[in-house]
Protein chains: 2
Amino acid sequence: MALSADLLRGYTDTIILRQLSHADSYGYRISKQVSLISQGGLEMKEATLYTAFRRLETAGLIRSYWGDETTGARRRYYAITEAGLEKLNQDCAAWEETKIMMDRLLKEDVE
Amino acid sequence: MALSADLLRGYTDTIILRQLSHADSYGYRISKQVSLISQGGLEMKEATLYTAFRRLETAGLIRSYWGDETTGARRRYYAITEAGLEKLNQDCAAWEETKIMMDRLLKEDVE
DNA sequence: TGATATACATTGACAGGCGAGGTATATAGA
DNA sequence: TCTATATACCTCGCCTGTCAATGTATATCA
């Protein structure tokens with residue numbers, strides 16, 4: 001990822017889960033979507049992306065299947081699972097808390 | 001750190017710089033302050049903290065000196081440098097952008 | 001024919017977080 | 001007096017996530 005790369009470490013998974021919560025998708029597309037939505041601010045590197053897919057699938061948060069494209073490069077599609085949706089909700093809640101916490105840590109003056 | 005540990009990776013430095021922007025401080029105190037301000041949500045581990053101090057000092061963003069306590073354990077104080085203040089400003093700006101980006105990635109629906 | 005876009009995947013280096021361990025001083029209580 | 005607890009410092013080595021580099025294959029367009 002670019003820009004605040006390290007900050008978002010660990011939220012890669014959440015971002016992917018969120019994209020999959022719209023509809024099944026595949027690596028290349030998710031990577032483009034993320035660039036688009038973040039207006040170029042965040043670029044998920046392929047290595048990072050595919051590592052995350054493996055991690056998420058192992059954890060049972062997503063599952064994958066090969067698309068039946070008759071033309072062009074084959075695509076491995078990913079779908080979010082029930083557990084994945086739960087995780088997404090948790091992560092989003094955690095993100096809200098993190099924002100509040102960080103804002104306090106970065107702005108608030110100490111007693 | 002607890003909770004969103006991984007997310008804050010890389011922002012450890014920023015949090016420390018912010019604390020030092022109030023006044024010179026030392027490891028143990030900063031760690032307590034962070035717990036206090038974040039209401040226990042974020043606990044900076046000592047290993048993390050001292051690693052960060054080394055990193056920041058090497059980078060010229062802070063400097064250190066021994067306190068002249070005549071009683072109790074000795075303290076190594078840290079002070080933020082001019083470069084550190086600049087870095088802090090940049091990081092805070094980056095944080096604001098990151099929030100916007102993440103909110104878009106986690107909430108906004110794709111086209 | 002060669003460049004570019006689509007689409008997948010792995011390997012190995014690197015960096016940051018942190019558990020576990022260690023040192024030393026001061027104080028309060030049993 | 002001895003022990004526990006708080007204050008205060010520090011390092012080693014493991015683990016995990018990111019990512020540059022590299023490799024594969026298909027389709028399109030100049």
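A, B, ... follow the sequence lines: proteins, then strands. Residue 1 opens every chain.
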Sequence neighbours left out, what passes salt bridge (Lys or Arg N to Asp or Glu O under 4.0 Å) with [X]? Give chain and number order.
{"X": "B:E69", "answer": "B:R75"}
{"X": "A:K99", "answer": "A:E96, B:D103"}
{"X": "A:E86", "answer": "none"}
{"X": "A:R74", "answer": "none"}

Could you tell me the separation between the [atom1] atom of [X] and the [atom2] atom of [N], rounded to a whole number of Å?
{"X": "B:F53", "N": "D:dC10", "atom1": "CZ", "atom2": "P", "result": "8 Å"}
{"X": "A:Y26", "N": "C:dC8", "atom1": "OH", "atom2": "P", "result": "7 Å"}
{"X": "A:M44", "N": "C:dA9", "atom1": "CE", "atom2": "P", "result": "16 Å"}
{"X": "B:E46", "N": "D:dC10", "atom1": "CD", "atom2": "C1'", "result": "9 Å"}
{"X": "B:L49", "N": "C:dG17", "atom1": "CG", "atom2": "P", "result": "10 Å"}
{"X": "B:K32", "N": "D:dT5", "atom1": "NZ", "atom2": "P", "result": "14 Å"}

A:D13 or B:R54, whichever maps to the more 5' nucleotide of DNA chain D: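 Looking at DNA chain D, the more 5' nearest nucleotide goes with B:R54.
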
Would you tell me if any nitrogen or oxygen in the side chain of [X] comes within less than 4.0 Å of OP1 or OP2 on [N]?
{"X": "A:Y28", "N": "C:dC8", "result": "no"}
{"X": "B:R29", "N": "D:dC9", "result": "no"}
{"X": "B:R55", "N": "C:dG17", "result": "yes"}
{"X": "B:T48", "N": "C:dC18", "result": "yes"}
{"X": "A:R76", "N": "C:dA9", "result": "yes"}

Under the side-chain contact (heavy atoms from CB on, under 4.5 Å) test, residues paired with [X] that sit two or more places apart:
{"X": "A:T51", "result": "A:R55"}
{"X": "A:I100", "result": "A:R104"}
{"X": "B:T81", "result": "B:R63, B:A83"}

Check: B:S64/B:E57 side-chain N/O donor and acceptor closer than 3.5 Å: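 Yes, a side-chain donor-acceptor pair sits under 3.5 Å.
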
Helix axis bend for the helix from C:dT1-D:dA30 to C:dA30-D:dT1 - C1'-based end axes, five pairs, 10° rounding: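 Taking the rotation axis at each end, their angle is 0°.
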
Under 3.5 Å between N/O atoms: give me all the protein pairs with nucleotides 12-14 of chain D, atom names plus distance.
none

Nucleotide nearest B:K45 (side chain, heavy atoms from C-beta), chosen from C:dG16, C:dA9, C:dG19: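 Among C:dG16, C:dA9, C:dG19, the one nearest the side chain of B:K45 is C:dG19.
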
A:Y50 side-chain proximity, nearest of D:dT18, D:dT7, C:dC8: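 Side chain of A:Y50 sits closest to C:dC8.
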
Per-nucleotide protein contact string for nucleotides 24-30 of chain D (B base, S sugar-phosphate only, - none; heavy atom under 4.0 Å): --SS---

Which residues share a ring pair (Phe, Tyr, Trp, His ring centres under 6.0 Å) with B:Y50, sequence neighbours left out: B:F53

Connected hydrophobic set around B:Y77, excluding itself, where side chains approach under 4.5 Å: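 Joined to B:Y77, directly or through intermediates: B:Y26, B:Y28, B:Y65.
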
hbond_proxy B:R9 side chain to C:dG16 base (donor-acceptor, 3.5 Å cutoff): yes

B:L49 to B:S31 - nearest heavy-atom pair and separation: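 That closest heavy-atom pairing would be CD2-CB, 3.9 Å.
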
Between CZ on residue B:R18 and OH on residue B:Y11, distance to nearest 0.5 Å: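 B:R18 CZ to B:Y11 OH: 14.5 Å, rounded to 0.5 Å.
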
